[in-house]
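Each chain gets a letter, A, B and so on, in the order the sequences are listed, and its residues count up from 1.
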Amino acid sequence: MPDGSDVVYRYDGTFDGFLCCVFESVYSRTTPADIVAEDTLLPMREIATDTEKAARVANGIKTKIHVGVYEMVEVGFRSNVPHKELLLLKYLLLGFQVGAKVLNMLTHEDVAPVPYLKKKVYDETHRMKEFVRFSDYDGTLVSVIEPKHDVLELIAPHFSDRLRGETFMIYDEGRGKAYVYDKGQCGYIFIDRLELPAASDQEREFRRLWKLFFDTVEIQSRHNERCQTNHLPKFYRKNMTEFKRL
Amino acid sequence: MLRKQSCPHTLDENFHIVYTDSMDVFDKLKILTDAAKYDAACTSSGVNRSAPEGGIGNATSCGICHTFAGDGRCISLLKILMSNVCVYDCKYCVNRKSNDTPRATFTPKEIADLTINFYRRNYIEGLFLSSGVLSSPTRTVELMTEALRILREEYKFYGYIHAKAIPGADKEAIALLGSYADRMSVNIELPSEASLSSLAPDKSKVSILEPMGFIKNAITTGGKELMLPKKPKHFAPAGQSTQMIIGATPETDLKIMRLSEGLYNRYSLKRVFYSAYVPVVDSSSLPALDTPPPLLREHRLYQADWLLRYYGFTADELLDEASPQFSRFVDPKCGWAIAHPEFFPVEVNTAPYEMLLRVPGIGVKSAKRIVQVRRHTKITYEGLRQLGAVVKRARFFVTCNGKLPEGARVGQNALPALLTDASVTAKKRSVQLSLFDPADPDLETGVSAEEVVKCLTGQM
């Protein structure tokens with residue numbers, strides 16, 4: 001069974017790259033000290049990304065352990081939690097050992113942190129569905145977001161369904177990538193810097209109306225900023241129309 | 001700057017609305033949002049749907065809260081009145097006929113335009129539309145329906161619509177309204193017939209319960225046998241809800257909970273909303289204008305409401321004639337557990353799910369996880385914490401493998417102090433709890449001075 005080891009795996013930061021690290025760990029029968037995407041001073045082993053190898057690992061997880069475990073790992077990987085790669089690797093190694101049972105072993109030290117990663121990512125996905133704000137530029141809807149976790153791919157289907165006859169773009173400013181959709185055609189593109197045209201009069205009018213509604217609907221005698229901040233942390237307000245000065 | 005009783009429209013000889021006011025949408029929105037905000041219903045939940053080809057919008061059954069107002073409440077819908085003109089004179093309502101307040105009326109198209117444009121920008125999940133009563137309840141419902149028709153049939157909108165049925169309107173009008181809506185509601189307003197007839201004589205118990213019964217039947221049959229121009233695909237698929245005002249009238253918590261229980265059972269409601277009374281008009285039959293809204297009482301009622309719907313409690317288990325009000329200091333579930341020591345401690349590894357649910361600190365999610373995990377592993381005190389239970393509370397009521405956790409062996413008398421709601425004791429404005437001065441409405445309606453003393457010294 002995998003022994004402890006001082007080696008640190010270095011990979012390219014992608015999910016396929018991570019699966020190749022899993023492959024390496026399983027077949028070398030060692031558990032690395034850490035898995036990182038940047039340089040460190042510790043002894044490192046470079047793990048190359050091979051999509052075929054990654055696919056084999058993915059398939060192995062789904063068939064030898066459980067489809068639910070694959071989802072847990074794929075979603076958990078999107079989180080920004082430090083050392084997520086090592087947490088997920090240990091979870092998978094246990095899974096290869098005991099099989100589907102690992103899903104229920106919620107009190108085991110290698111299992112307990114993992115559902116937490118998945119929860120953080122899904123919570124943020126839900127929040128993004130709530131807090132995404134579009135502006136209409138001549139018929140095209142554009143939204144800028146800055147999620148902590150990598151959720152763009154997870155919110156894309158929701159908006160494609162919701163705005164199916166429209167043309168829109170959601171731009172993840174922190175990661176420089178955007179989801180583009182045009183009446184059924186869709187894809188991802190990378191943009192270093194997004195420059196948007198000035199908003200039209202009509203667009204500004206709807207922003208004004210929304211801000212008016214937002215300010216008016218509060219019942220003053222129930223004012224409770226702490227409650228509001230608990231539900232809507234200040235971090236998310238940067239790209240929300242009702243909190244901007246018009 | 002109030003307009004003296006100006007009416008922004010008249011009715012022509014065919015009872016069609018003729019808008020005489022040239023107020024712009026901005027001003028109308030201000031007035032009609034202000035007028036609608038006391039209706040507590042806010043969810044966009046209950047329906048999963050995608051738009052077909054050519055349509056726009058979808059609905060998610062868990063609901064989506066797009067933002068949160070300064071009072072902490074979720075905003076998921078454009079919540080407006082179509083008009084705050086009203087021929088009724090309900091004493092607690094800011095829109096009552098005799099109140100001098102600016103009046104406005106949206107055209108159906110203005111409502112539809114606002115909704116679709118807010119929706120495209122992801123500000124909202126849909127529309128919540130109510131109205132003051134214009135000339136007659138039936139006519140009001142017909143006008144509201146026109147706004148919904150434009151949204152559904154012209155703009156091909158498949159997002160969420162919550163429509164209020166106006167008490168007293170014809171069944172046919174309500175049927176057509178419901179065929180366009182996802183959720184419908186009729187407000188109970190006040191928790192007893194006596195209060196209703198004293199404060200809102202234009203609305204009778206019958207005029208409220210009759211449409212509720214009609215809507216319930218229509219939902220059950222899917223609207224199939226209603227006389228409608230087109231057979232609807234569905235009828236209010238997200239169900240029916242209602243709202244009552246808390247603290248305007250003297251009903252006890254017990255009476256309110258029994259009423260809610262009856263409404264859930266008899267009318268298959270999805271939700272009952274409790275709205276803490278906010279004084280907006282001066283009246284001798286209502287609390288004074290400077291009375292703060294009874295927010296803690298409203299919170300306790302929501303906690304109890306959850307116990308009815310998800311935890312298998314009945315109203316009579318939580319309260320009785322001897323103590324008809326919820327405690328200020330402990331939540332209803334804790335209150336029940338303290339009063340029934342004969343059911344505890346509960347062994348987490350063997351107790352049935354229904355009993356796990358009754359342990360303070362174990363919620364629905366934790367209880368389900370416990371049941372799931374204990375098939376494979378024995379659960380320890382530490383394991384219980386990892387599964388999400390609030391062990392700080394649960395430790396007094398459970399055993400893990402027959403053992404009581406450390407620090408859990410306490411006398412019955414000490415429990416209330418240990419389980420007191422932290423938020424209740426740490427109030428921001430430091431009020432010296434006087435035994436003689438019931439300035440706080442929560443103290444007034446709830447606990448007597450004697451009970452306060454008993455609770456603090458652990459005698460309760």
Side-chain angles (χ1 to χ4, degrees), chain A residues 101 103-109 111-112 115 126-127 129-136 141 143 158-166 168 170 184 202-203 205-210 212-232 236-237 240-243, chain B residues 25-26 29-34 36-38 50-58 60 62 64-76 78-80 114 117-124 156 158-159 276 278-279 292-293 295 369 372-373 375-377 379-380 382-384 386-388:
Chain A
K101 212 169 86 164
L103 277 172
N104 289 328
M105 295 165 63
L106 300 172
T107 53
H108 189 291
E109 65 169 345
V111 178
H126 187 73
R127 273 201 294 272
K129 289 179 189 170
E130 300 177 333
F131 302 152
V132 155
R133 296 282 182 266
F134 288 102
S135 293
D136 188 330
L141 297 165
S143 170
H158 168 78
F159 287 103
S160 306
D161 186 46
R162 184 188 173 93
L163 301 170
R164 62 180 294 167
E166 302 271 350
F168 69 86
I170 305 174
Q202 199 198 40
E203 170 61 30
E205 185 58 21
F206 281 114
R207 289 179 187 174
R208 209 172 136 242
L209 285 164
W210 172 242
L212 170 70
F213 175 77
F214 177 77
D215 291 334
T216 312
V217 87
E218 174 187 349
I219 295 178
Q220 255 70 30
S221 55
R222 294 181 67 136
H223 187 75
N224 189 341
E225 268 174 47
R226 217 176 99 186
C227 184
Q228 185 189 29
T229 310
N230 277 343
H231 287 113
L232 212 184
Y236 293 102
R237 300 184 192 183
M240 291 172 74
T241 317
E242 58 268 34
F243 293 104
Chain B
V25 169
F26 190 87
L29 185 62
K30 184 167 200 339
I31 292 172
L32 293 168
T33 302
D34 212 29
K37 66 194 189 187
Y38 299 102
S50 291
E53 187 75 43
I56 177 175
N58 61 8
T60 314
C62 64
I64 293 183
C65 293
H66 280 286
T67 189
F68 293 86
D71 55 17
R73 297 190 306 160
C74 132
I75 299 174
S76 66
L78 172 63
K79 189 190 297 188
I80 49 174
L114 268 173
N117 278 291
F118 279 4
Y119 187 81
R120 285 177 76 240
R121 290 165 174 76
N122 208 49
Y123 298 162
I124 54 173
K156 304 273 187 270
Y158 284 82
V278 177
L295 297 178
R369 280 187 208 127
Q372 183 191 1
V373 168
R375 285 189 205 121
H376 306 274
T377 343
I379 298 178
T380 60
E382 184 52 37
L384 196 60
Q386 280 177 329
L387 290 175

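Neither the backbone nor the side chain of Cys74(B) comes within contact range of chain A; no heavy atom of the residue lies under 4.5 Å from a heavy atom of that chain. If you measure heavy-atom distances from Pro52(B) to chain A, the contacts under 4.5 Å come from the backbone alone. Heavy atoms closer than 4.5 Å to chain B are found nowhere in Arg127(A), neither backbone nor side chain. Using a 4.5 Å cut-off between heavy atoms, Arg237(A) does not touch chain B at all. Contacts of Leu78(B) with chain A are made by both backbone and side-chain atoms, with heavy-atom separations under 4.5 Å. With a 4.5 Å cut-off on non-hydrogen atoms, Arg120(B) touches chain A through its backbone and its side chain both. Heavy atoms of Ala276(B) lying under 4.5 Å from chain A belong to its backbone as well as its side chain. Contact annotation for Tyr123(B): both backbone and side-chain heavy atoms come within less than 4.5 Å of a heavy atom of chain A. With a 4.5 Å cut-off on non-hydrogen atoms, Leu384(B) does not touch chain A at all. Heavy-atom distances place both the backbone and the side chain of Ile56(B) under 4.5 Å from chain A. Contacts of Tyr119(B) with chain A are made by both backbone and side-chain atoms, with heavy-atom separations under 4.5 Å. Residue contact with chain B, scored on non-hydrogen atoms closer than 4.5 Å, involves the backbone and the side chain of His158(A) alike. Heavy atoms of Ile219(A) lying under 4.5 Å from chain B belong to its backbone as well as its side chain.
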Item to complete: Kindly indicate, with the supporting measurements, whether the criterion side chain to side chain donor-acceptor pair (under 3.5 Å) is fulfilled by Arg162(A) and Asn122(B).
Response: CA-CA 10 Å; Arg162(A) 184 188 173 93; Asn122(B) 208 49; 3.2 Å; yes
Worksheet entry | Audit row: Ile379(B), Thr107(A), side chain to side chain contact (heavy atoms under 4.5 Å, CB included) steps and yes/no | CA-CA 8 Å; Ile379(B) 298 178; Thr107(A) 53; 5.8 Å; no
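Between Gly70(B) and Gln228(A), the closest heavy-atom pair is N-NE2, 3.6 Å. Of all the heavy atoms in Met240(A) and Leu232(A), the pair that sits closest is SD-CD2, 3.8 Å.
Of the listed residues (Thr229(A), Asp136(A), Asn230(A)), the one with the most heavy-atom contacts under 4.5 Å to chain B is Asp136(A). Interface remark: of the candidates Val278(B), Asn58(B), Leu387(B), Asn58(B) forms the most heavy-atom pairs closer than 4.5 Å to chain A. Of the residues considered (Phe214(A), Phe206(A), Tyr236(A)), Phe206(A) shows the highest number of contacts with chain B, using heavy-atom pairs under 4.5 Å. No other option in Phe243(A), Phe213(A), Phe159(A), Phe168(A) has as many heavy-atom pairs under 4.5 Å with chain B as Phe213(A). Contact count versus chain B (heavy atoms, under 4.5 Å) is highest, among Leu106(A), Leu209(A), Leu163(A), for Leu209(A). Put simply, of Arg369(B), Lys156(B), Glu53(B), the one with the most heavy-atom pairs under 4.5 Å next to chain A is Glu53(B). Heavy-atom pairs under 4.5 Å with chain A peak, among Ile75(B), Leu29(B), Ile80(B), at Leu29(B).
Looking only at side-chain heavy atoms (C-beta outward), Thr60(B) and Lys129(A) stay at 4.5 Å or farther from each other. Looking at Asp71(B) and Gln220(A), their side chains never come closer than 4.5 Å, going by heavy atoms from C-beta outward. With a 4.5 Å cut-off on side-chain heavy atoms, Met105(A) and His376(B) do not count as touching.
Using a cutoff of 4.0 Å between basic side-chain nitrogens and carboxylate oxygens, Arg133(A) and Glu242(A) are scored as salt-bridged. A salt bridge links Asp34(B) and Lys37(B); the closest N-O separation between the charged side-chain nitrogens and carboxylate oxygens is under 4.0 Å.
Taking the six-membered ring where the residue is Trp, His231(A) and Phe68(B) present parallel rings, their angle staying beneath 30° rather than reaching 60°.
Neither side chain, Ser143(A) nor Arg121(B), offers a donor N or O lying under 3.5 Å from an acceptor on the other.
With Arg164(A) contributing its side chain and Ala51(B) its backbone, the two residues share a donor-acceptor pair below 3.5 Å.
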